[in-house]
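In this chain, numbering begins with 1 at the start of the sequence shown. Predicted, not measured: the structure shown is a model, and the values here were computed from it.
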Amino acid sequence: MNRHVILTCALTGAGDTAGKSEHVPVTPQEIAESGIAAARAGASVIHIHVRDPRTRQGSRETSFYAEVARLVRESDVDPVINMTAGMGGDLVIDPKDPTRHLDGTDLVPQAERLAHVEALRPEICTLDCGTLNFGEGSSIYVSTPDMMREGAARIRELGVKPELEIFDTGNLWFANVMYEEGLLDDPPMYQLCMGIPYGAPVSTGLLTAMVDMLPATAQFTSFGIGRHQLPWVAQSVLAGGHVRVGLEDNLYLSKGVKATNAQLVERARTLIEGMGSRVASPNEARDILGLAVH
């Protein structure tokens, strides 16, 4: 069981959720304000995607990330800033002609996926650790071993901590290979993502097996999506891990009750503290993860 828990809030994601809840932040100012509120509620880390304000869909635009970071850093809170670097891996194929890409494809080289990270140098950025059939239909998230090794090496050169996004056991296997190859500094930071179709299902037995596969020095977070998000807070803490909540993964505080990011953080904090653990401050989180303390 983890007694000193890093609490991450994933603010908006890239999914088509902005029309499903009025609380999903879209513009850089809305995303920053939501992150600031989450930090005031107790989040140690804020995980940032950005959206195009015109389309309300996910974006890779560096200026949007820069504006969010600026507003957060000028506020009265100092959460660890974690930016996604997963955008640019989406491939939608025509099942009748797999060589043809369909609308929704956004597939770019690893260097382009890291353009905003290179420009802004957040404390943490994500590295998606494998290719995945992403839900129904013909949508694939593409992250090959060559891309992952290139990404890990470049992220290290930039002085940024990679958060290893683990969607299935094969992803974990390859992340461990990169660690063994010396591409990842101690402590490696793993994110065990449960319930994303068709990756690792939400299963306590599978979580235990994945935790058993981690390097001895690893720090890990585990989260479940949708209705599993808040119950999984307890599961992750019991397994010795950290916690992630937020509107990227779940829109509801309870059945039929739409949440804000701050409300999800408050609920997670209550659960963590009710188990006898406590939430790490941002600087305590930096110390746990081997980041520079502000």
Side-chain angles (χ1 to χ4, degrees), residues 8 10-18 31 47-52 55-62 64-65 82-95 98-120 122 124-158 160-178 183-184 189-200 221 223 225 244 246 248-249:
T8 295
L11 302 174
T12 189
D16 191 17
T17 54
I31 295 166
H47 174 60
I48 300 170
H49 283 252
V50 294
R51 292 174 180 262
D52 185 323
T55 66
R56 301 170 67 82
Q57 301 303 309
S59 172
R60 291 187 282 108
E61 175 55 51
T62 295
F64 297 158
Y65 284 102
N82 174 339
M83 292 182 180
T84 186
M87 302 294 291
D90 298 319
L91 171 62
V92 185
I93 64 170
D94 183 342
T99 64
R100 190 165 72 92
H101 302 172
L102 301 181
D103 288 346
T105 294
D106 178 30
L107 189 59
V108 300
Q110 186 67 53
E112 289 186 44
R113 301 183 199 187
L114 291 170
H116 61 294
V117 176
E118 183 161 359
L120 302 172
I124 300 170
C125 76
T126 62
L127 180 62
D128 293 296
C129 287
T131 297
L132 177 71
N133 286 330
F134 204 81
E136 301 294 344
S138 297
S139 181
I140 301 165
Y141 184 82
V142 178
S143 186
T144 68
D146 284 346
M147 290 175 172
M148 288 182 272
R149 287 188 172 100
E150 178 187 344
R154 184 59 181 146
I155 291 166
R156 170 189 267 172
E157 288 173 357
L158 295 172
V160 177
K161 185 82 171 182
E163 180 183 76
L164 307 167
E165 303 299 299
I166 307 298
F167 298 102
D168 212 342
T169 51
N171 295 179
L172 178 50
W173 181 1
F174 189 77
N176 288 348
V177 168
M178 289 196 293
L183 287 167
L184 305 170
M189 181 183 182
Y190 288 67
Q191 176 94 272
L192 308 180
C193 312
M194 316 296 286
I196 296 171
Y198 286 102
T221 296
F223 71 88
I225 67 169
R244 166 169 143 171
E248 175 171 348
D249 308 315

Intermediate values then yes/no, side chain to side chain contact (heavy atoms under 4.5 Å, CB included), Val142 and Leu107:
CA-CA 8 Å; Val142 178; Leu107 189 59; 3.8 Å; yes
Side-chain contact test, heavy atoms from C-beta onward, threshold under 4.5 Å: evaluate it for [X] versus [Y] and give yes or no.
| X | Y | result |
| --- | --- | --- |
| Leu91 | His101 | yes |
| Asp94 | Ser138 | no |
| His47 | Thr84 | yes |
| Arg60 | Val108 | yes |
| Thr17 | Arg51 | yes |
| Ile140 | Phe134 | no |
| Val117 | Pro122 | yes |
| Arg154 | Gln110 | no |

Nearest heavy-atom neighbours spanning [X] and [Y]:
| X | Y | result |
| --- | --- | --- |
| Arg113 | Gly88 | NE-O, 3.2 Å |
| His49 | Ile31 | O-CD1, 3.7 Å |
| Thr144 | Thr131 | N-OG1, 4.1 Å |
| Asp128 | Met148 | O-CG, 3.6 Å |
| Asp90 | Gly104 | CB-O, 3.9 Å |
| Glu61 | Val50 | O-CG2, 4.2 Å |

Begin with the C-alpha distance, continue with both residues' side-chain angles, and end with the deciding distance and a verdict on side chain to side chain contact (heavy atoms under 4.5 Å, CB included) for Leu164 and Met189.
CA-CA 6 Å; Leu164 307 167; Met189 181 183 182; 5.9 Å; no
Nearest 0.5 Å, what's the [atom1]-[atom2] distance between [X] and [Y]?
| X | Y | atom1 | atom2 | result |
| --- | --- | --- | --- | --- |
| Met178 | Arg149 | CE | CZ | 8.0 Å |
| Cys193 | Ile225 | SG | CD1 | 9.5 Å |
| Leu114 | Glu157 | CG | CD | 10.5 Å |
| Asp168 | Leu132 | CG | CG | 7.5 Å |
| Phe167 | Tyr198 | CZ | OH | 16.0 Å |
| Arg244 | Asp249 | CZ | CG | 4.0 Å |

Using the rule given for side chain to side chain donor-acceptor pair (under 3.5 Å), can you reason through Tyr190 versus Asn176, listing the C-alpha separation, both sets of side-chain angles and the distance that settles it, and then say yes or no?
CA-CA 10 Å; Tyr190 288 67; Asn176 288 348; 2.6 Å; yes
What I want to find out is whether Asp16 reaches Arg56 closely enough, with some N-O distance under 4.0 Å, to be called a salt bridge.
no
Go through it in stages, so that I can follow the logic: the residues are Trp173 and Val177, the test is side chain to side chain contact (heavy atoms under 4.5 Å, CB included), and I'd like the CA-CA distance, side-chain angles, deciding distance and then a yes or no.
CA-CA 6 Å; Trp173 181 1; Val177 168; 4.0 Å; yes
Residue list, ring pair (Phe, Tyr, Trp, His ring centres under 6.0 Å) with Tyr65, at least two apart or on another chain:
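Ring pair (Phe, Tyr, Trp, His ring centres under 6.0 Å) check on Tyr65 returns His116.
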Listed partners of Thr221 passing side chain to side chain donor-acceptor pair (under 3.5 Å), at least two apart
none
Short side-chain to backbone donor-acceptor contact, Tyr141 and Gly86, under 3.5 Å
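Yes.
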Would you sort out whether Cys129 and Glu165 count as a side chain to side chain contact (heavy atoms under 4.5 Å, CB included), showing the intermediate values?
CA-CA 6 Å; Cys129 287; Glu165 303 299 299; 5.8 Å; no
Given Ile48, which of Asn82, Ile124, Leu11, Thr12 fulfils the side chain to side chain contact (heavy atoms under 4.5 Å, CB included) condition?
Leu11
